[in-house]
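Worksheet: one structure, shown below.
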Amino acid sequence: MTEHQSRLRLHDTATRETRDFVPLQPGKAGIYVCGLTVQSEPHVGHVRSAVNFDVLRRWLEASGYEVDFIRNVTDIADKILAKSAEQGVHWYALAQRMQRELDKALASINVLPPTYEPAATGHVPEIVDLVQQLIAAGHAYAADDGSGDVYFDVRSYPEYGDLTRQRVDDMEPAGDADPRGKRDPRDFALWKGHKAGSEPATAAWPSPWGPGRPGWHIECSAMAGKYLGPAFDIHGGGVDLRFPPPENEQAQSRAAGRPFASYWLHNAWITTAGEKMSKSLGNSLLVPSVLERVRGIELRYYMVSAHYRSHVEFSFEALDEAASAFRRLEHFLERATDLLGEVPTGGMPCADFVTAMDDDLGTPAAVAAIHEVVREGNRALASGDAAAVRGSAASVRAMLGVLGLDPADPAWPTAGGSDRLTGVVDSLVQGLLAERAAAREAKDWARADAIRDQIKAAGIEVEDTPTGPKWSV
RNA sequence: GGUGGGUUGGCCGAGAGGCGAGGCAACGGACUGCAAAUCCGUCUACACGGGUUCAAAUCCCGUACCCACCUCCA
């Protein structure tokens with residue numbers, strides 16, 4: 001694939017403009033993505049974020065960058081403690097179980113594992129270190145109410161609010177702790193003192209301020225610094241993370257003398273009936289449940305066919321439509337494979353696709369470009385132009401690959417069960433198809449259609465092609 | 001109270017001053033014994049009211065409605 005590193009443009013939420021991506025080091029890109037707080041089963045909204053940044057990563061790699069992709073897991077937080085207490089399980093057991101669920105969900109939609117996935121609990125020394133730096137710099141203070149909390153001093157950092165253009169005076173006060181220990185109600189906790197009565201002893205780590213645990217999204221500042229250095233290229237997360245965390249992360253980091261991220265990317269929500277999914281009830285939108293209706297690759301196509309900064313109103317109708325649109329692409333590749341034996345890898349994305357992706361990851365336009373190439377390919381298929389089919393198919397495969405949607409990617413579970421089972425079904429279907437062929441030969445159309453209906457009733461579609469009938473599940 | 005985003009054809013979903021994204025559905029045609037698949041064609045939309053301009057879905061002003069964020073939810 002050609003390298004065109006200078007042409008990518010990204011929308012930076014911090015400056016609210018789309019500008020050329022200029023990496024700190026030529027040919028390299030360091031990305032930090034705010035991962036999940038592992039407190040509950042992953043739903044489609046959670047995985048959208050992962051898919052969006054997975055596409056960013058794949059496009060950077062396809063464009064010739066060497067990508068360092070760090071995505072954290074927050075495995076200690078108020079909510080984890082609260083939910084585990086409700087369920088009567090250890091907080092770490094809950095966090096671990098949810099992390100496995102998340103891994104499974106992400107694998108099912110072909111999200112590449114990050115280069116490294118640091119967990120908050122594994123980085124307490126780095127966090128303590130950062131908090132100490134902030135105190136030394138005069139931007140944080142230990143509460144003097146004996147709580148063991150440490151707060152970021154919002155008033156000490158004049159740039160606080162810049163990222164989201166808010167003035168400290170207009171903000172609502174933080175409700176994360178008893179305001180008595182704070183100098184200003186907007187100050188937020190960097191470190192939370194252990195509450196011996198109400199919190200498990202396992203949820204505390206030693207610190208200069210007594211036993212406690214990481215507060216706020218301080219772990220992101222600390223871990224991004226550890227693995228990507230004081231300055232790195234891209235920070236990604238959901239829009240909800242637009243006000244507090246980046247603001248705080250940036251404040252935490254810059255106040256400690258670290259430049260932090262050059263570009264801030266934020267994906268928009270998936271909502272249901274206007275309601276943010278994290279608040280919606282029921283589990284019909286949990287990833288495993290959605291995957292009972294469509295395949296992982298189809299769910300991923302649905303997500304990729306909307307721009308990452310556009311709000312998506314989730315609906316099963318739209319999901320089904322996306323699935324049929326995807327099958328059109330997939331079907332072309334199948335037919336091309338039948339003709340060519342196999343579709344070569346290493347094809348070239350078409351120019352429209354490249355332009356679309358370079359323009360702030362314009363996946364909708366990129367998908368439209370794929371459809372155009374598929375149309376050309378189908379025409380070539382109809383006219384029996386094998387060379388043209390090869391070119392189109394290889395290109396389609398390459399483009400789908402960038403979006404993580406190559407049906408031939410071994411990351412996808414093989415459809416229709418094992419090869420052995422496929423063989424069994426094939427021999428049964430072939431028997432019926434032979435009967436149908438005989439009936440057609442005899443122009444006994446009623447008999448031929450009855451056989452086709454019988455096969456269809458078993459969930460198998462038959463289509464007649466120039467080279468004979470083909471069946472698919 | 002503060003901040004940001006949105007409203008596009010039957011549906012989903014791009015675009016961001018002129019040159020009709022794309023998909024799904026529907027309809028017509030080609031192909032087919034009939035289908036399926038595929039191809040060709042049809043369906044000329046931008047919340048509302050003003051304004052700027054030779055030209056506005058796109059810019060400006062106003063209105064309505066929706067959504068999100070404002071302390072730990074992607």
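Protein chains get the first letters and strands the later ones, always in sequence-line order, with residue 1 at the start of each. Note that this is a predicted model, so its numbers are computed, not measured.
Using a 4.0 Å heavy-atom distance criterion, A:K470 is classed as making no nucleic acid contact. Using a 4.0 Å heavy-atom criterion, one finds that A:T74 contacts no nucleic acid atom at all. Here A:E372 lies in heavy-atom contact (under 4.0 Å) with sugar-phosphate atoms only. If you check every strand for non-hydrogen atoms under 4.0 Å, A:R436 touches a base. Looking at heavy-atom distances under 4.0 Å, A:S40 makes no contact with the nucleic acid at all. Nucleic acid contact class of A:A368 (heavy atoms, under 4.0 Å, all strands): base.
Between A:D75 atom CG and B:rC72 atom P there is a gap of 19 Å when expressed in whole angstrom units.
At a cut-off of 3.5 angstrom, counting only N and O atoms as typed in the model, there is no donor on one side facing an acceptor on the other between the side-chain of A:R309 and the base of B:rG5.
Rounded to a whole angstrom, the distance from the C1' atom of B:rC39 to that of B:rU63 is 48 Å.
Taking the six-membered ring where the residue is Trp, A:F188 and A:F152 present parallel rings, their angle staying beneath 30° rather than reaching 60°.
In the set B:rC73, B:rG13, B:rC34, the nucleotide with an atom closest to the side chain of A:R440 is B:rC34.
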Enumerate the protein-to-nucleotides 36-43 of chain B contacts in which both atoms are nitrogen or oxygen and the separation is below 3.5 Å.
residue: B:rA36; atom: N1; partner: A:D464; partner atom: O; Å: 3.4
residue: B:rA37; atom: O2'; partner: A:H331; partner atom: ND1; Å: 3.2
residue: B:rU38; atom: O3'; partner: A:N378; partner atom: ND2; Å: 3.2
residue: B:rC39; atom: OP1; partner: A:R328; partner atom: NH2; Å: 3.4
residue: B:rC39; atom: OP1; partner: A:N378; partner atom: ND2; Å: 3.2
residue: B:rC39; atom: OP2; partner: A:R328; partner atom: NH1; Å: 3.3
residue: B:rC40; atom: OP1; partner: A:R379; partner atom: NH1; Å: 2.2
residue: B:rC40; atom: OP2; partner: A:R375; partner atom: NE; Å: 3.4

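You'll find the side chain of A:V47 stays beyond 4.5 Å of the side chain of A:V111, heavy atoms only.
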Audit row: A:W264, A:H235, ring pair (Phe, Tyr, Trp, His ring centres under 6.0 Å) steps and yes/no: CA-CA 5 Å; A:W264 290 85; A:H235 182 288; 4.3 Å; yes

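With salt bridges taken as basic N to acidic carboxylate O contacts below 4.0 Å, none links A:D149 and A:K182. A salt bridge links A:K104 to A:E101: at least one charged side-chain nitrogen sits closer than 4.0 Å to a carboxylate oxygen. By the 4.0 Å N-to-carboxylate-O rule, A:E463 lies too far from A:K470 to be salt-bridged with it.
Geometrically, A:R183 engages A:Y141 in a cation-pi contact defined by less than 6.0 Å to the ring centre and at most 45° from the axis.
Nucleotide B:rG22 forms a pair with B:rC12, judged by Watson-Crick or G-U wobble geometry with both contacts under 3.5 Å.
The phosphate of B:rA14 (OP1 or OP2) has a side-chain N or O of A:S310 nearer than 4.0 angstrom.
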